[in-house]
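Worksheet: one structure, shown below.
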Amino acid sequence: MIKAVMMMNTQGKPRLAKFYDFLPVEKQQELIRGVFSVLSSRPENVSNFLEIDSLFGPDSRLVYKHYATLYFVLVFDGSENELAMLDLIQGKYDDDFSLMLAFVVLVETLDKCFSNVCELDIVFNYSKMHTVLDEIVFGGQVLETRSDEVMKAVEEISKLEAASNSISLVPKSVSGWRGGR
Amino acid sequence: MEQLKTIGRELAMGSQGGFGQSKEFLDLVKSIGEARSKAEEDRIVLSEIDILKRKLLEPDIPKRKMKEYIIRLVYIEMLGHDASFGYIHAVKMTHDDNLLLKRTGYLAVTLFLNEDHDLIILIVNTIQKDLRSDNYLVVCAALNAICRLINEETIPAVLPQDLVSSFVSILKQVTERRLPKSYDYHQMPAPFIQIKLLKIMALLGSGDKSASEIMYMVLGDLFRKCDSSTNIGNAILYECIRSISCIIPSPKLLEAAADAISKFLKSDSHNLKYMGIDGLGRLIKISPDIAEQHQLAVIDCLEDPDDTLKRKTFELLYKMTKSSNVEVIVDRMIDYMISINDNHYKTEIASRCVELAEQFAPSNQWFIQIMNKVFEHAGDLVNIKVAHNLMRLIAEGFGEDDDDADSKLRLSAVESYLQIMSEPKLPSLFLQVISWVLGEYGTADGKYSASYISGKLCDVADAYSSDETVKGYAVSALMKIYAFEIASGRKVDVLPECQSLIEELLASHSTDLQQRAYELQALLALDARAVESILPLDASCEDIEVDKDLSFLNGYIQQAIESGAQPYISERERSGMLETTDYHSQDHHEVPSHALRFEAYERPKPSSLPTQASTELVPVPEPSYYSEAHQPISTSSVSERESSEIKLRLDGVKQKWGRPSYQSSTSASSTPPQAANGTSSHPDVGVGSSSLKPRSSYESKKPEIDPEKQRLAASLFGGSSSSRSDRKSSSGGHKPAKGTASKPPKENPIPVQPPPDLLDFGEPTATGVTATDPFKELEGLMDSSSQDGGSTDVMGVLYSDAAPVTTTTSVDSLLSELSDSSKGNPGTYQSQTSKGPNSKEALEKDALVRQMGVNPTSQNPTLFKDLLG
């Protein structure tokens, strides 16, 4: 089972964090800090796997991918496969876009460099990021791996949101950003 | 008008996901939502409970109404109140034919009940029926319920008969691309499902030859089909390797797995190397030769700057440690342990060092050195048991009644400690060991004078004045040294710093230290005869009997009671008295059978089964495999085992739920390990003849590689047979630490009896990749018999340790020796096990000894007083 999905920038600021086990917020923050301190001490060009029993309990592992200013982190237990997990956050080739990142920038172009865009995209499309993530991973299990399926679902959800009255519950700024894209 | 409003509201609710509930229900939800306090909410819920209790008693409730009542029950339960009065209605609803009602029933049941609830028995039948339904929604509902409600006892009822072939056929369909294209991921058909299926197959096939055979085809196909250019393809390849390491593989599959591993290891990607090392660690249990081909890759990984890879490699080395390479591996581990700051991993690697050292130590000196290093660098992290083990080891010697060797060992320990003591900042635990050893054996040899040792001990107590435990150990050690001096008739001069230490401690805030100081002072005033009986020389291993009932006080108690004291009433009785005094006083003399029974009656018979059933009912073959590995005498073989097993008592249950294949599956699963064991008994090859091959292959690589690495490789993998035999001759004289001593005798007979179908498993190693060193085979097979589960692993490694050391020339003699010792004199083993590190008796003894004050603890300081009078 996947225990957590995190994105944080190279300064250690969490940009997206989702835990699939219940954890109090303080514990989550502690874990994010712990993960960051482990990751930041690792050199380039080493393997993307880490065993982090010390943070998440026995038999827990982590894969991470470093993109520009961001770390993508997946924490999971022994019932998942490291390489498969890595594939989830990194796609087919190393220079490929990550599945999720690709949605954030709405698959406009694969080449469009995310080095200066991506972190901001995540910050400003926070709720959309979560929608995308929920389409891919649900309750700690990988549900959907086809990006076009995910895209379709996400678009439908945003359409529904736009149509529904409940939009007034969400602060204007957020919907504004959604409309802006 | 009012009615219209209600209808309108209901409609509005309905559009948002409600299903036409009554006004009552909506009001309930609304009032709960608007409740201002928990008390108000509780009041609402309690009245709701009353209403529902009444309504549920009414006859002929319409189904739609009943559905709403059940949802209201869910509300009650959700808010923390008990709705058990309505559970049975939810259970009934699952029987309904209407899909919506059925699903509501299942939902409520999964929320209300847990897997051990008594009502589950009523649902099992419905679930069975629903699983056979044509409507997939019904099947899904049943499956959901199974996840929450079925326990080990009831699972055979809902399990399909033949799991293995159905999973294999699913996997086959997936790999043959019979799923819709939309399941593809990077041109791989449903890889995540494949991974899950492979994991399941690993569980189902472990130790089950016939099940494994069904899987061979599809696994072979996967190896051929997998695209190793993508991550996800490699993920599946790796998963195949994992499955193969769990099931009983065919030689062909092993070869394919080895190929995949070597591809991983040769890759530039660190991720794949990591997978390769991990796979190697798994396969090495089945075919130990496999590591030899990759020795250089392994060493590269060991020296890689990547920490993850390094740790994985250490894990691999840990798995392949034997007495021939333990020194190199443990040295490496300790170097790494010193270099890292991560306390969590430091602890782990330290405990591994200790474990390996205890099992494989080539010499006692080496063992003590290693322990010193571990304590010095990770002393605060290791378990206190390790320290106690070390003390016991030094005290008891190494199993042989060779006093000379023992005292040499002690002397070397004392010497090394005196040297290390001068270093600043030693961990507390290490200082405790040092103090204890110096106290017991510091002056035993006559090499060091009492005043020298006691001066050192005073230094320790001074330097670590904030650590009370260390101080306590130091004072006790001082006491022992002085006691030995007095007992041997020498004059004792207490050093001035000692004197001041004692005086300081006499006024210590710690009662424990104070007591020790007083005891020491009292002891100094006693004469030789008295001292000798209090603290005899080198008596730390003597048994001390403790009279737990304190019967020696009986006379005193009798006296006190005669003079009018109240008899003692135990605490439990006292509290019981308090609660029951009221009616005890009234009907004290009434016969208890007339009283009302307030506690529940015993549960009906079938429900008492799970305790025995739990291991047997789970169809995963692992438990039976496990028990096979620990089977005391494998010669007694399958038939006897079957008859003696408790599962007979489950017959009723089995028939009821119709699971006839179950029994046969266990009997089938119990044979393969024997086959595995059998191979080891048959190698007719001599020792030296066969191991030439790996050596030559390794020499052929010579030109391109660093000689340093080569040497390391040779020492790690024992590439040549010569180094192995050297070790043998050099270490033949002494016992390898406590490893062998603690070896349970039941392990021995394994290779003795050759089961009939040993050739089956013998094939892989014979036709397999490289050498057929009979020792290797023996070790490997022992290891393979202990897959899964750390505890069994230890046994396997233990065994493989014993083989090279105890044997002289050939396997045959090893076998005869082993069989002799197992049949001949169990008595010797008995005595040896009592000294082993895991022996319960030894631990108990250790605890007693500690309690008696040889090792100071604050647990029972008053005992001293009693002892010293």
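Predicted, not measured: the structure shown is a model, and the values here were computed from it. In what follows, chains carry the letters A, B, and so on, assigned in the order in which the sequence lines appear, proteins first and then strands, with residues in each chain numbered from 1.
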The interface call for B/I232 against chain A, heavy-atom contacts under 4.5 Å, is both
Interchain contact, B/S182 with chain A, by part (heavy-atom threshold 4.5 Å) | both
Please step through side-chain contact (heavy atoms from CB on, under 4.5 Å) for the pair A/N81 and B/R242, ending with a clear verdict.
-> CA-CA 10 Å; A/N81 180 306; B/R242 263 170 86 152; 5.9 Å; no
Please round to the nearest 0.5 Å and tell me the distance separating atom CG of A/L50 and atom OH of B/Y274.
-> 8.5 Å
Answer with side chain, backbone, both or neither: which region of B/Q194 has an atom nearer than 4.5 Å to a non-hydrogen atom of chain A?
-> neither
Check whether any side-chain N or O of B/T308 sits under 3.5 Å from a backbone N or O of A/S47 as a donor-acceptor pair, and report yes or no.
-> no
Minimum-distance pair of heavy atoms, taken over all atoms of B/K199 and A/S79 = CE-O, 2.9 Å
Walk me through it: do A/E51 and B/H344 pass the test side-chain contact (heavy atoms from CB on, under 4.5 Å)?
-> CA-CA 11 Å; A/E51 276 168 38; B/H344 181 82; over 6 Å; no
Exceeds 12 heavy-atom contacts within 6.0 angstrom, atom CG of B/D268 | no
Between B/K196, B/E348, B/R311, which shows the greatest number of heavy-atom pairs under 4.5 Å with chain A?
-> B/K196
Value for CG (B/D306) from CZ (A/F49), rounded to nearest 0.5 Å, stands at 10.0 Å
Derivation and outcome, side-chain contact (heavy atoms from CB on, under 4.5 Å), residues A/E82 and B/Y238 | CA-CA 9 Å; A/E82 286 94 334; B/Y238 167 71; 3.8 Å; yes
Neighbour count above 12 (heavy atom, 6.0 Å) for B/R148 CZ = no
Residue part contacting chain A, namely of B/K181, when any heavy atom lies under 4.5 Å | backbone
Side chain from CB out, backbone as N, CA, C, O: work out which of these in A/E80 comes under 4.5 Å of a heavy atom of chain B, or both, or neither.
-> both
Is it the case that more than 12 heavy atoms not belonging to B/Y183 sit under 6.0 Å from its OH atom?
-> no
At a heavy-atom separation under 4.5 Å, does B/K273 approach chain A through its side chain, its backbone, both, or neither?
-> neither
Mind listing the closest non-hydrogen atom pair of B/H270 and A/V46 along with its distance?
-> CB-C, 3.7 Å
Please check if atom NZ in B/K225 has more than 12 non-hydrogen atoms from other residues, nucleotides or ligands closer than 6.0 Å.
-> yes
